[in-house]
Structures are given as C-alpha cells and as structure tokens.
Amino acid sequence: MLRMNKDSFVFSKKSSKSFHTVWKAPSNIALVKYWGKYGVQLPKNPSISFTLSNCVTTTEVSFSPNDKKKYPTFEFYFNKNERKDFHPKINQFFEYILPYFPILEDHHMVISSINSFPHSSGIASSASAMAALALCVVDFEKQFHPELGEQDFFKKASFLARLGSGSASRSIKGPLTLWGKSPAFRDSSDLYAIPFDSGIHKIFKTYCDTILIVDKEKKQVSSSVGHKLMQEHPFAENRFDQANRNCEFLKSVLKTGDIERFIEITESEALTLHSMMMTSSPRYLLMKPNTLNIINRVWEYRFETNTPIGFTLDAGANVHLLYPAIESEKVITFIKSELLDYCQSGQFIQDRVGQGAKKM
Ligand code: PMV
C-alpha cells in the first residue's frame with residue numbers, strides 16, 4: 001500500500017509510449033460542506049458527500065510522446081468543440097500534479113470531455129471533470145507501474161483530483177466519501193478522500209437527489225474566492241469546529257438510518273454555508289428569491305405530509321432535494337406540481353446516489 005504523503009508516491013520516470021483511456025466520473029453533493037482551505041488545496045475541515053449517479057463527466061485522453069518539450073502540452077475539447085478558455089484551469093492542474101507525475105512532462109495529450117448534464121445549468125462540473133481527468137492520468141501511469149494496486153490507484157486519483165478542485169477528491173468512489181482529517185474516521189486524510197460503504201444503513205444507498213435549477217447563470221462569486229474569504233472570517237474557527245462535529249454526528253446517523261436527524265444536519269450545513277457567504281467581508285448572496293421559495297414550500301410540505309424530504313445547497317442558487325427512494329413517486333408529483341414554477345425554464349435533474357467512477 002502506498003504511503004500517501006506529499007513525497008512518497010512519486011514513481012520514477014520510464015520511457016514514454018502512446019496510450020489511450022476513457023473514464024466516467026460522477027459529480028457529488030456535500031452533506032457536510034468543505035468551505036475554507038489552506039496550503040495547496042487542503043481543507044480546513046472534513047466534509048462528507050453523496051456520490052451522484054447521473055451527473056457525470058466522461059473524459060477521453062490520448063497520450064503521445066513529445067520529446068522536444070519539458071512540459072506537458074495538450075488540446076482540450078468539450079462536447080466536441082475545442083475550448084481554449086478551459087486551458088488556464090487545466091494548466092494549473094498540470095502544474096500542481098507534475099511533481100507527482102514526472103512521466104507527464106514529455107507528453108502531448110488530446111483531452112476530450114462530455115458532460116451528461118447541461119454545462120449552462122449552474123451545476124459545477126469541476127468535481128466530475130477533474131476526477132475523470134485525474135483517473136485518466138493515473139491510468140496512464142499504471143501502464144508503466146502495474147504494481148500500483150487497486151486501492152492505491154483510486155487513492156492517488158483522489159489525491160490528484162483534489163489538486164484540480166477540492167471537492168473532486170470526493171468524486172472517485174461511492175456511495176459516500178469523506179475528505180479531510182477527522183478524529184471520527186480512521187484513515188481519513190486532508191490529502192485524499194476515503195470511501196465509506198460499510199455499515200451504512202440501506203436507506204442511504206439508494207437516496208434520491210432532485211436538483212432544481214433555479215439559476216443557470218455563472219455565479220457572481222466563485223468558490224475559490226469564497227474559500228479565500230474564510231481566511232479572515234470572524235466565525236471561521238467556530239464553523240470548522242461545527243463541521244467536525246457534524247461529520248461525527250452524520251457518521252452515526254448514516255449507520256442508524258435516522259432520517260430526521262439526517263435532514264437536520266444537512267439543512268443546517270447548507271444554510272451555514274450560505275451564512276458564511278453573507279457574513280464574510282465583502283459579504284455576498286448566492287441564493288435567489290426562488291431558492292427561498294422552494295425551501296419554504298419544502299418545509300411546509302414536510303410539515304403537512306410528514307414526508308422525509310430535505311434540501312441542501314451548493315455554492316449557488318440551485319436546490320438539491322434529498323429523499324429516500326421509497327418516497328420518490330410522491331415527491332416527484334409534489335415537485336412537478338408545486339416547485340417547477342420556481343425553476344428557470346422549469347428545469348430539474350433527477351439523480352440518485354451512485355457507486356463512483358468507472359473505466360469505459
Ligand atoms: O471544490 P471547490 O473548490 O469548488 O469547493 C466546493 C465547495 C462546496 O461545493 C460549496 C462544498 C463542497 O464541499 O462541495
């Protein structure tokens with residue numbers, strides 16, 4: 001097993017060859033939120049997420065030797081169109097991962113990505129995109145180092161995906177993953193996410209997530225700016241402590257299947273995330289009036305019908321409705337009849353908990 005720390009899992013460089021691989025990686029939705037980082041993409045608090053099933057990025061990479069250059073070169077295609085505007089983000093990713101992948105340095109890559117969900121839906125695709133790209137890169141390396149075992153392969157992929165986008169570290173495995181050092185989880189680390197699938201109550205293995213698209217526009221304040229604002233945030237330390245405690249509470253809730261407590265923790269996490277935005281300096285709001293309309297209506301519906309449906313929010317205006325699969329018929333009827341008016345162009349995405357990334 002690889003000892004994953006910053007220096008201990010770099011393989012020596014071997015002679016180059018061409019290689020082609022395709023990986024499909026899912027998006028994820030955090031239940032306990034990561035908000036605030038230190039060093040190079042390391043989290044100030046542990047986070048836990050559901051891995052999704054339908055919101056995925058499929059990425060294909062062709063690697064070919066390019067002896068003349070001492071830096072990886074690439075072309076990038078998104079939904080079959082060449083997209084140079086993605087280059088800065090991908091360049092930064094290669095810059096971060098190169099010390100761990102000397103093998104990449106004299107290669108040219110043709111990278112082609114397709115998202116299953118609309119790019120302009122306001123759903124961040126960086127988690128699934130970075131996870132899929134990281135998996136392609138580790139797969140390439142494995143050709144030269146077949147001794148890389150399955151567990152280490154995915155650990156390294158999570159480590160690399162993290163360097164592209166923190167939450168991407170949680171998009172490798174499923175149905176739930178934890179990223180960040182937590183005293184409640186043995187083997188947890190700030191460097192990569194770990195899956196936890198043993199001891200999870202069966203109700204959470206098929207949980208549903210309906211994503212209500214409230215606003216498709218690019219958000220006004222990016223997550224990287226939001227993470228930075230946590231550095232000087234007056235409530236930061238309390239927030240990090242709270243997230244640590246919530247990871248611990250959620251661990252036992254996920255075992256017992258206590259949905260009431262699950263809803264309490266996840267809704268509180270969502271609203272706390274947005275409170276951090278509202279109380280940072282400068283302050284900002286990513287929720288829209290329809291985000292609040294949906295939350296209020298969901299609360300009324302839960303109270304009136306006793307249906308165990310809760311919500312969570314990403315760093316944006318869209319609402320993720322979380323509920324057990326056995327409730328889905330009833331909940332979808334409710335969504336269609338009462339919530340779609342609050343969605344931009346009536347758009348929503350039906351998803352559920354998934355098992356993690358796959359080689360195609
Ligand atoms: O991975 P980033 O840097 O885009 O940050 C994601 C932060 C949240 O989505 C708001 C929370 C999370 O844990 O995914």
Side-chain angles (χ1 to χ4, degrees), residues 25-52 55 57 86 89-90 92-93 96 117 121-134 158-174 176-182 188 190-194 209 211 215 218-231 233 236 239-240 242-244 246-247 250 265-278 280 284-287 291 311-320 322 351:
S27 185
N28 68 76
I29 180 67
L31 305 171
V32 174
K33 310 290 179 184
Y34 144 61
W35 200 239
K37 57 180 165 183
Y38 71 96
V40 183
Q41 300 279 88
L42 297 164
K44 288 291 276 185
N45 65 260
S47 55
I48 297 178
S49 54
F50 270 150
T51 303
L52 296 181
C55 289
T57 300
F86 282 84
K89 180 106 188 153
I90 301 171
Q92 163 145 73
F93 175 64
Y96 280 158
F117 50 102
S121 59
I123 299 190
S125 58
S126 59
S128 52
M130 286 301 171
L133 183 55
S158 173
F159 178 100
L160 293 181
R162 184 202 97 231
L163 293 169
S165 169
S167 55
S169 65
R170 301 187 312 241
S171 269
I172 304 292
K173 286 290 188 176
L176 283 136
T177 63
L178 167 105
W179 169 45
K181 189 81 201 137
S182 159
S188 59
D190 284 354
L191 299 175
Y192 47 82
I194 54 169
D209 177 7
I211 309 163
D215 188 11
K218 195 170 180 283
K219 53 195 181 211
Q220 285 146 346
V221 182
S222 70
S223 287
S224 32
V225 170
H227 286 296
K228 265 203 199 103
L229 291 175
M230 285 305 281
Q231 284 167 9
H233 201 290
R239 161 61 197 152
F240 302 144
Q242 180 200 40
N244 265 286
N246 279 343
C247 282
L250 196 59
I265 296 170
T266 48
E267 290 190 348
S268 158
E269 275 290 319
L271 294 180
T272 304
L273 169 71
H274 283 260
S275 329
M276 291 298 113
M277 299 169 191
M278 290 188 249
S280 61
Y284 64 104
L285 267 171
L286 294 183
M287 289 191 280
T291 311
F311 71 86
T312 189
L313 305 166
D314 232 329
N318 299 333
V319 183
H320 289 246
L322 304 177
D351 212 333

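Positions are given from 1, in the same order as the sequence printed here. All values reported here derive from a predicted model rather than from experimental measurement. Order of appearance sets the numbers: ligands from 1, and atoms from 1 within every ligand.
Under the side-chain hydrogen bond (donor to acceptor under 3.5 Å, both in side chains) criterion, Asn246 pairs with Glu269, not counting sequence neighbours. Here Pro46 pairs with Leu178, Ser182, Asn244, Cys247 under the side chain to side chain contact (heavy atoms under 4.5 Å, CB included) rule; sequence neighbours left out.
The distance from ligand 1 to the heavy atoms of Ala315 drops below 4.0 Å at these ligand atoms: 10 (C). In summary, the atoms of ligand 1 found under 4.0 Å from a heavy atom of Gly166, numbered by their order in the structure, are 1 (O). Interface atoms of ligand 1 facing Ala30, defined by a heavy-atom separation under 4.0 Å, are 12 (C), 13 (O), 14 (O). Within ligand 1, counting atoms from 1 as listed, the ones closer than 4.0 Å to a heavy atom of His227 are 2 (P), 3 (O), 5 (O). Atoms of ligand 1 lying under 4.0 Å from at least one heavy atom of Trp35, given by number and element, are 7 (C), 10 (C).
The N/O atoms of Asn28, backbone and side chain alike, include none that comes under 3.5 Å of an N/O atom in ligand 1. When only interatomic distances are considered, the shortest N/O to N/O separation between Tyr34 and ligand 1 falls below 3.5 Å. Residue Ser167 has at least one N or O atom closer than 3.5 Å to an N or O atom of ligand 1. Considering backbone and side-chain N/O atoms, Ser47 never comes within less than 3.5 Å of an N/O atom of ligand 1. Annotation: Lys37 places no N or O atom under 3.5 Å from an N or O atom of ligand 1; distance criterion only.
Heavy-atom proximity to atom 13 (O) of ligand 1, evaluated over Met277, Arg162, Arg170, is greatest for Arg170.
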For Thr312 and Lys33, what are the C-alpha separation, side-chain angles and deciding distance, and is it a side chain to side chain contact (heavy atoms under 4.5 Å, CB included)?
CA-CA 10 Å; Thr312 189; Lys33 310 290 179 184; 2.9 Å; yes

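Between Lys37 and Leu42 the shortest side-chain heavy-atom distance does not fall below 4.5 Å.
Ser128 and Ala25 get closest at one heavy-atom pair: CB-O, 3.3 Å.
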